[in-house]
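See below for the structure under consideration.
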Amino acid sequence: MLAAISARHRGAAVTLLERNPRVGKKILVTGNGRCNYTNIKADYRCYQGENPEFARRALEAFDSEATMAFFAKLGVVPKVEDAGKVYPWSDQASSVLDVLLYELENCGVKVVVDAFVHRIEKAGDQFCVELADGTVVTGDRLILAPGGKAKPSTGSDGNGYDLARSLGHTVTPLYPGLVQLMLEGSFFPQVQGVKIKGTVALLDGAEALGREQGDIIFGNYGLSGPPVFQLSTLVGPLLQAGKTPVLQLVMIDQLTRAELTALLQDRFRQAPGKTLVFSLVGFVNKRLIPVVLREAGFTDLKRPVGQLTVAETERLVDILTNWRLPVRGTKSWPSAQVTVGGVVTGEINPETMESKLVPGLFFAGEIIDLAGRCGGFNLQWAWSSGYLAGEKAATL
Ligand SMILES: Cc1cc2nc3c(=O)[nH]c(=O)nc-3n(C[C@H](O)[C@H](O)[C@H](O)COP(=O)(O)OP(=O)(O)OC[C@H]3O[C@@H](n4cnc5c(N)ncnc54)[C@H](O)[C@@H]3O)c2cc1C
């Protein structure tokens with residue numbers, strides 16, 4: 001939509017082809033229905049892919065300020081929240097979609113819905129786009145922005161990669177990103193729904209590949225929540241490479257190990273007759289206590305804490321600060337917010353978003369091998385790359 005508007009603003013005759021009965025379905029589910037449509041801290045370092053620097057030019061051409069100004073002009077008042085996340089003041093994702101639909105119509109983009117593009121060919125300097133019903137649409141420039149594979153029910157089911165391949169482009173391996181992590185541990189069903197604030201790190205052997213802090217939610221399969229989502233984008237490639245990544249959960253991340261040890265020892269000294277399982281009430285989430293104790297190797301949870309040895313207290317401290325949970329995998333595409341991988345950036349000119357292989361073909365959005373962090377960065381990439389592709393497609 002941004003690409004279409006940007007090209008139309010520069011005088012091109014634009015047709016937008018959308019397979020669904022309406023455009024922009026995915027926008028409605030973004031940001032839990034509130035649409036976190038940009039982040040004031042967006043820059044290329046917030047992206048993952050073979051070459052994150054590829055994103056620099058597009059992000060500069062249409063940055064988060066330009067995005068907020070663009071939407072503000074259409075009526076969306078920006079509200080900046082924690083960590084630079086920006087939402088519409090209305091708190092409704094539909095506002096973002098509504099104003100885009102308004103502008104598509106207002107500036108004269110021809111929108112064709114129920115138009116599934118199933119084949120693209122280039123004959124001379126014309127692109128022939130064949131739809132599923134046999135209709136052929138032609139044009140001298142083509143912007144391919146069919147999204148990735150995440151949340152296929154919104155229309156982005158990965159078919160766009162086949163279209164890119166059919167035009168000679170290469171696609172990297174693809175993995176679900178910003179998604180729940182499935183972890184080893186038979187206890188997970190018991191603690192489903194528990195939410196804590198803590199830190200998680202993704203370990204490959206002794207090396208921490210990433211560390212994130214925030215709300216962590218237990219599910220019957222493993223963990224979710226923004227910090228877990230953030231690390232999930234690293235998991236697919238690791239598992240593919242035959243590695244066995246481990247999630248380190250730091251439940252108590254506000255105290256040093258020594259402070260936590262002293263706190264527990266003090267707590268146990270003050271009420272030595274309390275059972276082990278009761279001794280943590282008020283400090284650790286109650287549903288987690290028996291699980292944490294068993295994971296720390298305790299079998300008799302009714303033991304009075306006065307009997308604990310220094311080594312046993314240390315074992316408890318270990319679990320609370322360094323719980324190691326082997327990663328089985330990630331949840332799959334229907335649960336993912338973004339695609340890790342995509343069309344190889346080396347085949348696209350970052351100054352223009354034009355294909356280096358097929359003159360007149362441009363790319364925008366998630367189809368490109370760039371995945372942003374959680375927090376408005378993926379929509380910002382879609383807007384920025386779309387804006388630049390539209391501008392260059394209309395003017396080059
Ligand atoms: C649940 C969820 C929440 C999210 N929340 C946020 C958030 O708050 N902030 C953020 O920055 N990002 C968020 N994202 C990510 C963000 O929505 C995407 O990265 C972004 O929408 C990608 O834009 P796109 O235009 O490249 O692709 P899409 O938005 O997927 O759009 C592609 C369009 O192409 C159409 N299409 C596909 N193939 C064809 C075809 N062959 N013919 C015709 N049409 C076709 C699809 O139907 C679709 O409408 C979220 C994603 C999900 C799933």
Side-chain angles (χ1 to χ4, degrees), residues 1-5 15-39 41-42 46-47 58 64 67 81 83-88 91 93 96-97 100-101 111-120 129-133 135 137 142-164 166 176-180 224 226 229 233 331-340 342-343 353 363-387 389-390:
M1 284 183 273
L2 241 295
I5 291 168
T15 304
L16 191 162
L17 301 170
E18 166 58 55
R19 67 184 295 183
N20 286 327
R22 58 178 301 188
V23 289
K25 198 172 170 192
K26 189 176 281 175
I27 290 177
L28 297 175
V29 299
T30 57
N32 284 325
R34 293 173 61 219
C35 189
N36 174 196
Y37 66 99
T38 182
N39 191 301
K41 296 177 183 164
C46 308
Y47 296 85
S64 65
T67 301
E81 295 193 1
K85 294 181 201 160
V86 184
Y87 294 85
D91 275 334
V96 173
L97 180 53
L100 284 171
L101 294 174
V111 176
V112 186
V113 293
D114 293 317
F116 182 87
V117 173
H118 90 123
R119 196 162 42 179
I120 302 169
V129 176
E130 194 184 311
L131 306 183
D133 67 1
T135 315
V137 182
L142 181 78
I143 303 173
L144 198 52
K149 282 186 84 170
K151 198 88 181 167
S153 59
T154 60
S156 54
D157 60 3
N159 82 87
Y161 299 113
D162 295 333
L163 294 174
S166 75
L178 301 184
V179 65
Q180 299 88 337
S224 71
F229 286 170
T233 55
K331 285 245 178 177
S332 192
W333 296 107
S335 308
Q337 290 192 15
V338 77
T339 312
V340 176
V343 173
M353 295 293 132
F363 290 96
E366 196 172 315
I367 189 173
I368 300 171
D369 173 24
L370 275 172
R373 287 174 62 79
C374 197
F377 300 98
N378 286 299
L379 281 172
Q380 182 59 58
W381 171 243
W383 314 136
S384 295
S385 54
Y387 177 90

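In listed order, ligands and their atoms are each counted from 1.
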Checking contacts here: is it the side chain or the backbone of [X] that comes within 4.0 Å of ligand 1, counting heavy atoms only? Could be both or neither.
X	value
Ala382	side chain
Gln337	both
Asn159	side chain
Thr154	backbone
Thr38	neither

Nearest protein heavy atom with distance in Å, relative to [atom]:
atom	value
atom 42 (N) of ligand 1	Val117 N, 2.9 Å
atom 36 (N) of ligand 1	Arg19 CD, 3.8 Å
atom 9 (N) of ligand 1	Asn36 O, 2.9 Å
atom 13 (C) of ligand 1	Thr30 CG2, 3.9 Å
atom 27 (O) of ligand 1	Gly147 CA, 3.2 Å
atom 34 (O) of ligand 1	Pro146 CA, 3.5 Å

If you measure every N/O of [X] against every N/O of ligand 1, is any gap under 3.5 Å?
X	value
Ile367	no
Ala150	no
Lys151	no
Glu18	yes
Gly31	yes
Lys25	no

Output yes when a side-chain donor or acceptor of [X] lies under 3.5 Å from a complementary backbone atom of [Y], and no otherwise.
X	Y	result
Lys25	Ser153	yes
Ser335	Val179	no
Lys149	Ala336	no
Asn39	Gly376	no
Thr233	Leu178	no
Tyr47	Ala42	no

Nearest non-hydrogen atom to [atom] belongs to which of [options]?
atom	options	answer
atom 20 (C) of ligand 1	Asn39, Leu379, Val113	Leu379
atom 30 (O) of ligand 1	Met1, Lys26, Arg34	Lys26
atom 18 (C) of ligand 1	His118, Glu366, Arg22, Gln380	Glu366

_Non-hydrogen atom of Ala336 closer than 4.0 Å to ligand 1_ = yes
*Does ligand 1 have any atom sitting under 4.0 Å from a heavy atom of Gly160?*
no
*side-chain contact (heavy atoms from CB on, under 4.5 Å) between Glu366 and Ser156, worked out*: CA-CA 9 Å; Glu366 196 172 315; Ser156 54; 5.9 Å; no
Under a 4.0 angstrom heavy-atom cut-off, which atoms of ligand 1 come close to [X]?
X	value
Gly365	26 (O)
Gly376	9 (N), 10 (C), 11 (O)
Ser156	30 (O)
Ala115	42 (N), 43 (C)
Leu17	43 (C), 44 (N)
Ala145	32 (C), 34 (O)
Phe116	41 (N), 42 (N)
Phe377	11 (O)

Is there a side-chain contact between [X] and [Y] (heavy atoms, below 4.5 Å)?
X	Y	answer
Val23	Met1	yes
Leu100	Leu2	yes
Thr67	Val86	no

*Please determine which of Val117, Val113, Asn159, Leu131 meets the side-chain contact (heavy atoms from CB on, under 4.5 Å) test together with Arg19.*
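So the option named by the test is Asn159.
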_Looking at every heavy atom in both Ile367 and Ala364, which two are closest together, and how far apart are they?_
CG2-O, 3.5 Å
_Minimum heavy-atom distance Phe229-Ser224, with the two atoms named_ =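 Residues Phe229 and Ser224, closest heavy atoms: CE2-CB, 3.9 Å.
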*After noting the C-alpha distance and the side-chain angles of Phe377 and Val338, does the key distance pass the side-chain contact (heavy atoms from CB on, under 4.5 Å) rule?*
CA-CA 11 Å; Phe377 300 98; Val338 77; over 6 Å; no
*Would you call Glu81-Arg34 a salt bridge at under 4.0 Å N-O?*
yes
*asked:* As an exercise, state the distance from NZ of Lys151 to CD of Gln337, rounded to the nearest 0.5 Å.
replied: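 Between atom NZ of Lys151 and atom CD of Gln337 there are 9.0 Å.
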*More than 12 foreign heavy atoms under 6.0 Å from CG of Asp133: is that the case here?*
yes
